[in-house]
Amino acid sequence: MSVRLDHVSKRIRGRAVLDDVTLDIPSASIAAFTGPNGSGKTMLLRAIAGLLLPTEGKVVVDGTELEADAEFPSSVGLLIEYPVFLSHLTGFKNLELLASIKRVASHDDIAETLENVGLDPFDKRKVRSYSLGMRQRLGIAAAVMERPKLLLIDEPTNALDVQGVEMVKDVFTEARRSGSTVIFASHDRGIVSQLADVVFELHDGALVKEGLA
Amino acid sequence: MRFFRCLTIEARSVVKVAIPWAVFLSVFSAALIAVIQVRIRGLGLGSERITVGDCLLYLTFGSPAIEPGLGTVSMAPVDWLVWIATMLFAASRDGIDERRGMGSSLLVACGSRLRWWLVRCVASIVGVTILCLIVWASSCAVGMLCGATADLGVSEGACSLAGFSPDNIDPLGRSEFAVFMLSVLAMLAALSILRLALSELGTRTLSVVIVLAVVCLAVWIPSDLLPGAYLMLSRSSCAVMGGVQPFAGLCYAGIVGAISMGIGAASFARRDIVGGGERS
Ligand SMILES: Nc1ncnc2c1ncn2[C@@H]1O[C@H](COP(=O)(O)OP(=O)(O)O)[C@@H](O)[C@H]1O
Ligand SMILES: [Mg+2]
């Protein structure tokens, strides 16, 4: 699934949070947004998901322009900002609830995904007793369980230990191998240079550098 | 299909929030019935057996219209207000509760903003309906435990206490009463959608204040145009000559609900889903 942004600007209460961003991300690649805090990485991910509507310009996902009240991209998995879940349910139940809408992922798929991110599918604890790192893993599991063609992940390595970071690398490269496009945002240059095929650097909402990793 | 799957998820969470309120309201209405029962006996009006209709009447009578020039100072019908206010806000939430994590994942999985908005509206209706039915059912159950007969007709004692003149007891027919209860349910559902739309346009607190104020206006201002009038049995044609027609209430509720749904949808379609509960 390819993603194209064409002169996208977004102003919120008069302030530019995205400033004339034009970029192209080919299918089956891993792209990274990088830049300091507040540079607009999360906003850019939201715009690609269709959650943020540009003031100017257009966002084209898989050849279709996202517009007000258009459908969201059909095959997309996302983890934007924080891994927030229903805290009174177990991790498995949370994923089951989410999966019940599209019915693409079966129980076995959910269990397998949980194992892949290093969580126990039979864990009876509620999400409220999860550590931040466990929530992050669950967030990644929620994004990938339906094997979407487009993955949008914000700060994938947040709160993760060394094994967690390795898990992220495995999950991303596996997604690319199976033909999905992975777009992630991170201020961690290490992980960006190790994982991304193409890197976009943002500053104050504007694209300041684009290049191969 | 996806609409119904999203609705299942939403309705479940609405009901989960509404259950404690339903319990509260059931206890409240049971207490109300008991108090009024005692007052009827005290006034020596309770010659006949009370009916299930009486129990529902207690919940919905509100306050009779104030007649100008008579110098009557109307007391706010506190019991009625508690019931209506709880009904309106127990099962209601914002356009989207939580813009990060699960909230936005559910929205995107749902497919489009419009579908999501419709799901939220229908979930509100489901919530109000379930809450209403629980409260009515438990009121009737409490009534029957106190010896009420399973009859929708309303007894003379209850009518006198509600302030209806005896001449008007007669027109209180069973089928008309049933239509009235249905119109109350419809109007509550419509107002919950109005509140949802207002919270989409402004803030949640604002929406609560506005809707409650509009409903309360009907207590002091007799007008067929105020939605509150259709929520009080004491203002309906079931109880007084020239009162509001329950059937008109049904139509009015439909119009209020549809307009609110439309305005909310137009606003939500252009809505940015950004974090922190802030709006853009
Ligand atoms: N809910 C919001 N409302 C208005 N402005 C916001 C909101 N969230 C973030 N911003 C602003 O948008 C800009 C970009 O934020 P963001 O994309 O979150 O940065 P980051 O690169 O750290 O992810 C920042 O200047 C921030 O202040
Ligand atoms: Mg960010």
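Hydrogens, waters and symmetry mates play no part in the numbers below; they use all other heavy atoms, side chains included. Just so you know, these numbers come straight off a predicted model, no measurement behind them. Chain A is the first sequence line, chain B the second, and so forth, proteins listed ahead of strands; every chain is numbered from 1.
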Exercise. Hey, is CZ on B:F24 packed in by over 12 heavy atoms from elsewhere, all under 6.0 Å?
Worked result: yes

For this session: Kindly indicate whether the side chain of A:L52, heavy atoms from C-beta on, has any atom under 4.5 Å from the side chain of B:I273.
Result: no

Problem set entry | Per-residue contact mode, A:A70 against chain B (heavy atom under 4.5 angstrom) | backbone

Exercise. Hey, which of B:S112, B:G111, B:C110, B:A269 has the most heavy atom pairs under 4.5 Å with chain A?
Worked result: B:G111

Problem set entry | Exceeds 12 heavy-atom contacts within 6.0 angstrom, atom CG of B:L133 | yes

Exercise. What distance do A:L97 atom CG and B:M102 atom CE have between them, rounded to the nearest 0.5 Å?
Worked result: 4.5 Å

Problem set entry | Euclidean distance, A:I80 CD1 relative to B:S104 OG, rounded to 0.5 Å | 6.0 Å

Problem set entry | B:R115, CZ atom: more than 12 neighbouring heavy atoms under 6.0 Å | yes

Seminar exercise, completed: Given A:R135, A:K102, A:E146, the one with more heavy-atom pairs under 4.5 angstrom with chain B than any other is A:K102

For this session: Before accepting this row, confirm whether a basic side-chain N of the pair A:R46/B:D272 lies closer than 4.0 Å to the acidic partner's carboxylate O.
Result: no

For this session: Counting only heavy atoms closer than 4.5 Å, note whether A:L79 contacts chain B via side chain, backbone, both or neither.
Result: neither

Problem set entry | Residue pair B:R113, A:L53: steps toward the side chain to side chain contact (heavy atoms under 4.5 Å, CB included) verdict | CA-CA 12 Å; B:R113 284 178 171 79; A:L53 299 164; 3.9 Å; yes

For this session: Evaluate the criterion side chain to side chain contact (heavy atoms under 4.5 Å, CB included) for residue pair B:R5 and A:S100; output intermediate values, then yes/no.
Result: CA-CA 7 Å; B:R5 291 176 196 157; A:S100 72; 5.5 Å; no

Problem set entry | Heavy atoms from other residues, nucleotides or ligands near NZ of A:K93 exceed 12 (cutoff 6.0 Å) | no

Seminar exercise, completed: Honestly, the part of A:D154 sitting under 4.5 Å from a heavy atom of chain B is neither

Problem set entry | Residue pairs involving residues 94-143 of chain A (criterion ring pair (Phe, Tyr, Trp, His ring centres under 6.0 Å); sequence neighbours excluded) | A:F92-A:H107

Problem set entry | Nearest-0.5 Å distance, CG of residue A:L98 to OG of residue B:S105 | 5.5 Å

Cut-off 3.5 Å, no hydrogens considered: what does the side-chain donor-acceptor table look like for residues 31-38 of chain A, sequence neighbours left out?
unit_1 : atom_1 : unit_2 : atom_2 : d
A:T34  : OG1    : A:S186 : O      : 3.1

Exercise. Do you know which two heavy atoms are closest between B:C6 and A:I101, and how far apart they sit?
Worked result: SG-CG2, 3.8 Å

Exercise. Chain A heavy atoms under 4.5 Å from B:I9: which part of the residue, side chain, backbone, both or neither?
Worked result: side chain

Problem set entry | Value rounded to 0.5 Å, distance of NZ in B:K16 from CG in A:L86 | 9.0 Å

